[in-house]
Amino acid sequence: MSSKFTTREADFPRWYQEVVAAGDLAENAPVRGCMVIKPHGYALWENIRDRLDQMFKETGHVNAYFPLFIPKSFIDKEADHVEGFAPEVAVVTHAGGKQLEEPLVVRPTSETIIGHMYAKWIQSHRDLPVLINQWANVVRWEMRPRLFLRTTEFLWQEGHTAHATAEEAEAETLQMLEVYARLAEDYLAIPVRKGIKSRMETFPGALRTYCIEGLMQDGKALQMGTSHNLGQNFAKAFDIQFQDTDGQRKHVFTTSWGVSTRLVGAVIMAHGDDRGIVLPPRVAPVQAVLVPIFRKPEERDAVLAAARRAIDGLKAAGVRAKLDDREQLKPGPKFFEWEKKGVPVRLEMGPRDLKDNQVVMVRRDQEGKNAVSLDVLTETVLKTLEDVQSSLFERALERRDAMTNKAASMGEFEEILDGTGGFVEALTDGTDESEKAVKDNTKATIRIVLEDGDVGGECMVTGKPATRRALFARAY
RNA sequence: CGGGGUGUAGCGCAGCCUGGUUAGCGCGCUUGACUGGGGGUCAAGAGGUCGGAAGUUCGAAUCUUCUCACCCCGACCA
């Protein structure tokens, strides 16, 4: 019954690695920083992807695909963009057995190539808005890779839209932030803080960056999605213009927004326990697993027949249910395996249960076992899945709130960070210098700016009158 | 790029300092039997260019030199 994992409390990063491996989600590839996403991990990503894709379609977006290779000169066209991405870009200099005329960048993100295409596609206000998303892999050379959280190659989606007015672009940016927040909270059961990034944390080339920030169990923040209002920066760099109703040629306003396979890491770090991964039912590839128990052949036949009926009932009700009828494994090892994989509900069915017309049900998020009559199995499982979903969210919310504090001075600020960690709300004078000083001294960064302007009080760094209220945290 | 470390079976390691028969251990794997309501037991097996190269030696996983790879700690990021 005891766990073999390093506990979260003892060493969170190590716990994370062990749990990812034990849950059979992914492993490191021969190339440093790259990962192989295994079937169970990929199924998890597919569920996130499918739900998001549906949400994008519901908000009027369509999918397209842009190429992996981008002429290096494209990246150079937007000054902030080059500077921001230069250190992590992979460049192809040779191909076809010779040196290339112009090096090709392996996309770290696709604003530039998409901007180039939009310049061709957009002529008139009648062509707007353009609402395109793409599912793709991108490469950003990483020095400190961590499975799912930070990998050199990762899977993501990037939405790229173009609009006639600044207002429309801003509305789009905020709308997609909302979509991300809903995905995180309703689907991944992770409460998030929504907000705007400081200038220092803004996407290279963007006017404004909004984001959702989750808090992990170790008190560190995780950026779970970003939505950028790019203003006319890329429109000007790539000359994306349209003729408006007034006859004038104008630059469009663009946005971009993305979430990645990092979300899989978020789910693990937000909900996992010392026995392994715990998956919210809505994303779980397997929501309920049934482990049959028997000794003699006649027991086997009876149990398996009843088990198949139960599974069929669950599947008919839309539950992603699985019968684990592998005969080479005893029930015990199966229990541990599914537990490590995070399956929300486990059912055990043996001869004793058959006699009583019941199964034994175990919730992944709780201790203990309960008997459930076969007559009400399907509705009980459905209800339990909903319960697990909401209690995971509630638990994460309580943890988050308990780890959100205010600091009035640097002393208090550091005390909180070194104690419980988590989000710390504090006042600063809003300068890059103060923000940098906090980062250098405490490793905490501004996750979101809560308010700029007349906030009262004084800057915790300089003591000058404060002009900004922000949420800080140490982050992944 | 600066500092520290590791390469021996699929994985994790011992052996090296102090050279000496067929290079071991745990887990995993294969076959079989007994087992089966929370990680079972027994038996029999398979699996190795000891990272690579050169050298010292009668003899090298072990000593020397070179080389390659990877990992950890310090500057960025969805």
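Convention: sequence-line order gives letters A, B, ...; per-chain numbering from 1.
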| field | Any-strand Watson-Crick or G-U partner of G24(B), both distances under 3.5 Å | value | C13(B)
| Given the P atoms of C50(B) and G3(B), what is the spacing between them in whole Å? | 32 Å
| note | Heavy-atom nearest nucleotide on RNA chain B taken for Arg326(A) and for Pro333(A); more 5' hit belongs to Arg326(A)
| field | Spacing between Phe336(A) atom CZ and C27(B) atom P, to the nearest angstrom | value | 17 Å
| said: For nucleotides 71-78 of chain B, give me one character per nucleotide, 5' to 3': B if any protein heavy atom sits under 4.0 Å from the base, S if the only such contacts are to the sugar-phosphate, - if neither. | reply: SSSBB-BB
| note | From CD of Glu299(A) across to P of G37(B) the rounded distance in Å is 12 Å
| query | Do Lys369(A) and G38(B) have a side chain to base donor-acceptor pair shorter than 3.5 Å? | reply | yes
| request: Could you tell me whether Glu170(A) and Arg208(A) have a side-chain N and a carboxylate O separated by less than 4.0 Å? | output: yes
| request: Return the value, rounded to whole Å, for the distance between atom CD of Glu18(A) and atom P of G12(B). | output: 13 Å
| message | Measuring only the P atom in each nucleotide, how far is U49(B) from U67(B)? A whole number of Å is fine. | response | 25 Å
| remark: Arg295(A) CZ to C34(B) P, in whole Å, measures 15 Å
| query | Which is it for Asp312(A) and Arg308(A) under the salt bridge (Lys or Arg N to Asp or Glu O under 4.0 Å) test, yes or no, and what are the steps along the way? | reply | CA-CA 6 Å; Asp312(A) 288 346; Arg308(A) 293 207 174 92; over 6 Å; no
| field | Ionic contact status for Arg107(A) with Glu158(A), cut-off 4.0 Å | value | no
| field | Assigned partner base of G74(B), Watson-Crick or wobble definition, under 3.5 Å | value | C1(B)
| said: Any donor-acceptor pair, under 3.5 Å, between the side chain of Arg300(A) and the base of G36(B), if you only look at N and O atoms? | reply: no
Donor-acceptor pairs under 3.5 Å, side chain of residues 16-24 of chain A to any protein atom, not counting sequence neighbours: which ones?
from     : atom 1 : to        : atom 2 : distance (Å)
Tyr16(A) : OH     : Leu147(A) : O      : 2.7
Glu18(A) : OE1    : Thr6(A)   : N      : 2.7
Glu18(A) : OE1    : Thr6(A)   : OG1    : 3.2
Glu18(A) : OE2    : Thr6(A)   : OG1    : 2.8
Glu18(A) : OE2    : Arg14(A)  : NE     : 3.4
Asp24(A) : OD1    : Lys38(A)  : NZ     : 2.7

| remark: Any strand, both distances under 3.5 Å, Watson-Crick or G-U wobble: G7(B) pairs with C68(B)
| query | Within the structure shown, what part of the strands sits under 4.0 Å from Glu83(A) by heavy-atom distance: base, sugar-phosphate, or nothing? | reply | nothing
| query | Is the gap between the ring centers of Trp257(A) and Phe56(A) under 6.0 Å? | reply | yes
| Taking any strand in view, what nucleotide pairs with U18(B) in a Watson-Crick or G-U wobble way, both distances under 3.5 Å? | none
| Rounding to the closest angstrom, what is the interatomic distance between A61(B) and A53(B) at atom P? | 12 Å
| field | Phe335(A) CZ - G39(B) C1' separation (whole Å) | value | 12 Å
| request: Using atom CD of Gln328(A) as one end and atom C1' of G32(B) as the other, report the distance to the nearest whole Å. | output: 15 Å
| message | Distance check needed: G40(B) P versus Glu337(A) CD, whole Å only. | response | 13 Å
| query | How many Å lie between CD1 on Ile293(A) and C1' on G37(B), as a whole number? | reply | 4 Å
| query | Without hydrogens or angle criteria, can the side chains of Thr445(A) and Arg447(A) be said to hold a donor-acceptor pair below 3.5 Å? | reply | yes
| request: Please state the P separation for the pair C13(B) and U8(B) - nearest whole angstrom. | output: 9 Å
| said: Judged by each residue's nearest nucleotide on RNA chain B, which is more toward the 5′ side, Lys296(A) or Lys340(A)? | reply: Lys296(A)
| field | G47(B) and U35(B), which share atom name P, separated by this distance in whole Å | value | 32 Å
| Considering only the P atoms, how many Å lie between A14(B) and G5(B), rounded to the nearest integer? | 15 Å
| task | Could you please name the partner base of U57(B), counting Watson-Crick and G-U wobble pairs only when both distances are under 3.5 Å? | result | none
| In the strands shown, is A44(B) matched to any nucleotide by a Watson-Crick or G-U wobble pair with both distances under 3.5 Å, and which? | U30(B)
| message | Taking only the P atom of each, what is the distance from U30(B) to C71(B) in whole angstrom? | response | 30 Å
| Is the closest basic N to carboxylate O distance between Glu213(A) and Lys197(A) below 4.0 Å? | yes
| said: Give me the distance, rounded to whole Å, that separates G20(B) from C16(B) when you measure between the P atoms they each carry. | reply: 9 Å
| task | Calculate, to the nearest 0.5 Å, the distance between atoms CE and CG belonging to Met55(A) and Asn133(A) respectively. | result | 13.0 Å
| Residues Arg8(A) and Asp273(A) bridged, charged N to O under 4.0 Å | no
